[in-house]
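This report refers to the structure that appears directly beneath it.
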Amino acid sequence: MTARVGVVTFPGSLDDGDAARAVRIAGAEAVRLWHGDPDLHGVDAVVLPGGFSYGDYLRCGAIARFAPVMETIVQAARGGLPVLGICNGFQILCEAHLLPGALTRNQHLHFRNRDQVLRIEATGTAWTNAFQPGQEVLVPVKNGEGCYVADAATLDRLEGEGRVVARYVGGNPNGSLRDIAAITNEAGNVVGIMPHPEHAVEALTGPSLDGLGFFTSVLKHLVGAPA
Ligand SMILES: NC(=O)CC[C@H](N)C(=O)O
């Protein structure tokens with residue numbers, strides 16, 4: 001059976017099309033989900049894409065968190081549904097308290113858009129099991145509010161529990177504490193990542209095919225998961 005991966009569209013989403021494309025290239029069916037519809041239509045996993053949901057008003061992700069679809073996603077994620085939040089999606093996951101900490105204004109106050117090397121540190125998650133521990137990948141980063149912050153105790157806990165999923169290598173583009181680019185929840189089914197793996201899945205557009213591993217990981221995870 002082909003896995004069905006939902007991709008949510010909020011008003012202001014920008015990367016939902018690319019996320020759905022990445023899902024298809026990885027070999028799954030992409031199911032488009034609408035922010036106003038709480039029904040997840042039986043999907044096996046969910047991607048919250050990048051962009052500017054609700055115009056980034058108030059704070060990035062602060063309004064999207066209250067979308068009808070998020071109520072269902074929060075419940076399902078607590079029950080083990082794999083959820084990947086990319087950039088604005090990561091911001092939404094923090095606002096929804098599925099992940100600890102917050103994404104704040106880039107330290108230098110500039111929007112940053114460049115190709116970025118990441119080191120994958122946690123390969124036990126639903127979205128990173130196709131990587132080798134310590135593997136370096138190249139994916140685009142593009143954000144204005146990507147500076148990950150949390151109190152020292154939370155950061156120590158994330159590190160101690162192996163929940164720092166990826167770190168920036170070769171320069172930190174936004175001032176994130178401890179160079180954190182991606183984290184996971186305790187169960188490893190929810191991952192938030194600031195850079196954009198869905199933009200690194202095709203040779204034509206580059207900068208690598210490294211992003212595909214996030215999407216093939218969840219398919220591997222679903223095959224191993226009980227129905
Ligand atoms: N690429 C994105 O998803 C951008 C997220 C958010 N709007 C920011 O600027 O930080």
Side-chain angles (χ1 to χ4, degrees), residues 5-23 30 32-35 46-67 69-70 73 83-118 127 137-150 165-168 171-184 190-202 205-208 210-212 214-215:
V5 179
V7 177
V8 178
T9 298
F10 299 94
S13 288
L14 180 64
D15 302 319
D16 42 347
D18 275 21
R21 189 173 174 79
V23 163
R32 306 301 288 264
L33 301 175
W34 182 239
H35 70 112
V46 166
V47 178
L48 301 177
F52 301 79
S53 56
Y54 301 91
D56 277 352
Y57 284 107
L58 194 57
R59 257 189 338 264
C60 299
I63 300 176
R65 175 227 167 151
F66 294 103
V69 75
M70 283 307 298
I73 288 173
V83 179
L84 176 67
I86 303 170
C87 199
N88 192 224
F90 186 7
Q91 294 164 338
I92 295 168
L93 289 175
C94 289
E95 290 287 342
H97 301 140
L98 282 174
L99 292 174
L103 281 314
T104 60
R105 196 82 192 274
N106 290 352
Q107 205 174 40
H108 43 63
L109 305 182
H110 296 286
F111 193 96
R112 193 58 89 227
N113 182 6
R114 72 180 196 202
D115 295 337
Q116 175 71 45
V117 179
L118 307 179
W127 298 92
V137 300
L138 180 69
V139 296
V141 66
K142 47 167 196 165
N143 63 72
E145 304 197 22
C147 178
Y148 182 74
V149 297
V165 172
R167 273 186 234 264
Y168 299 111
N172 178 334
N174 46 38
S176 284
L177 295 179
R178 303 193 194 180
D179 296 331
I180 288 174
I183 58 169
T184 188
V190 178
V191 169
I193 181 164
M194 189 40 59
H196 289 262
E198 82 285 17
H199 294 328
V201 296
E202 284 182 295
T205 47
S208 73
D210 294 344
L212 208 50
F214 291 86
F215 301 93

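Start at 1 and go down the list; that is how both ligands and their atoms are numbered.
Classification of the Phe10-His35 ring pair by plane angle, with boundaries at 30° and 60°, yields tilted.
Every atom of ligand 1 is numbered from 1 in the order shown, and the set under 4.0 Å from a heavy atom of Asp56 is 6 (C), 7 (N). Atoms of ligand 1 lying under 4.0 Å from at least one heavy atom of Glu145, given by number and element, are 8 (C), 9 (O), 10 (O). The ligand atoms of ligand 1 that sit less than 4.0 angstrom from a heavy atom of Phe52 are 7 (N), 9 (O). Numbered from 1 in the order shown, with element, the atoms of ligand 1 that lie under 4.0 Å from a heavy atom of Gly144 read 8 (C), 9 (O), 10 (O). For ligand 1, the atoms closer than 4.0 angstrom to any heavy atom of Asn88 are 3 (O), 5 (C). Listed by atom number, the atoms of ligand 1 under 4.0 Å from Phe111 heavy atoms are 9 (O). Listed by atom number, the atoms of ligand 1 under 4.0 Å from Gly50 heavy atoms are 3 (O).
Considering backbone and side-chain N/O atoms, Asn143 never comes within less than 3.5 Å of an N/O atom of ligand 1. Considering backbone and side-chain atoms together, Gly146 places no N or O closer than 3.5 Å to any N or O of ligand 1.
Taking each heavy atom of Leu33 and Gly6 in turn, the nearest pair found is CD1-CA, 3.9 Å. Annotation for Leu118 and Ala181: closest pair CD2-CB, 3.9 Å, computed over non-hydrogen atoms. Pairing each heavy atom of Ala30 with each of Ala20, the nearest pair is CB-O, 3.6 Å.
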Worksheet item: Going through the checks in order, is the side chain to side chain contact (heavy atoms under 4.5 Å, CB included) test met by Glu198 and Phe215?
Response: CA-CA 8 Å; Glu198 82 285 17; Phe215 301 93; 3.9 Å; yes

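Within a 6.0 Å sphere centred on CD of Gln107, other residues, nucleotides and ligands contribute 12 heavy atoms or fewer. Around the CZ atom of Phe111, the shell of radius 6.0 Å holds more than 12 heavy atoms that belong to other residues, nucleotides or ligands. Annotation: Arg21, atom CZ; neighbour count of heavy atoms from other residues, nucleotides and ligands within 6.0 Å does not exceed 12.
Protein heavy atom closest to atom 2 (C) of ligand 1, with residue, atom name and distance, is Cys87 SG, 2.8 Å. Atom 1 (N) of ligand 1 has as its closest protein heavy atom Lys142 O, 2.9 Å. Looking only at protein heavy atoms, the nearest one to atom 3 (O) of ligand 1 is Gly51 N, 2.7 Å.
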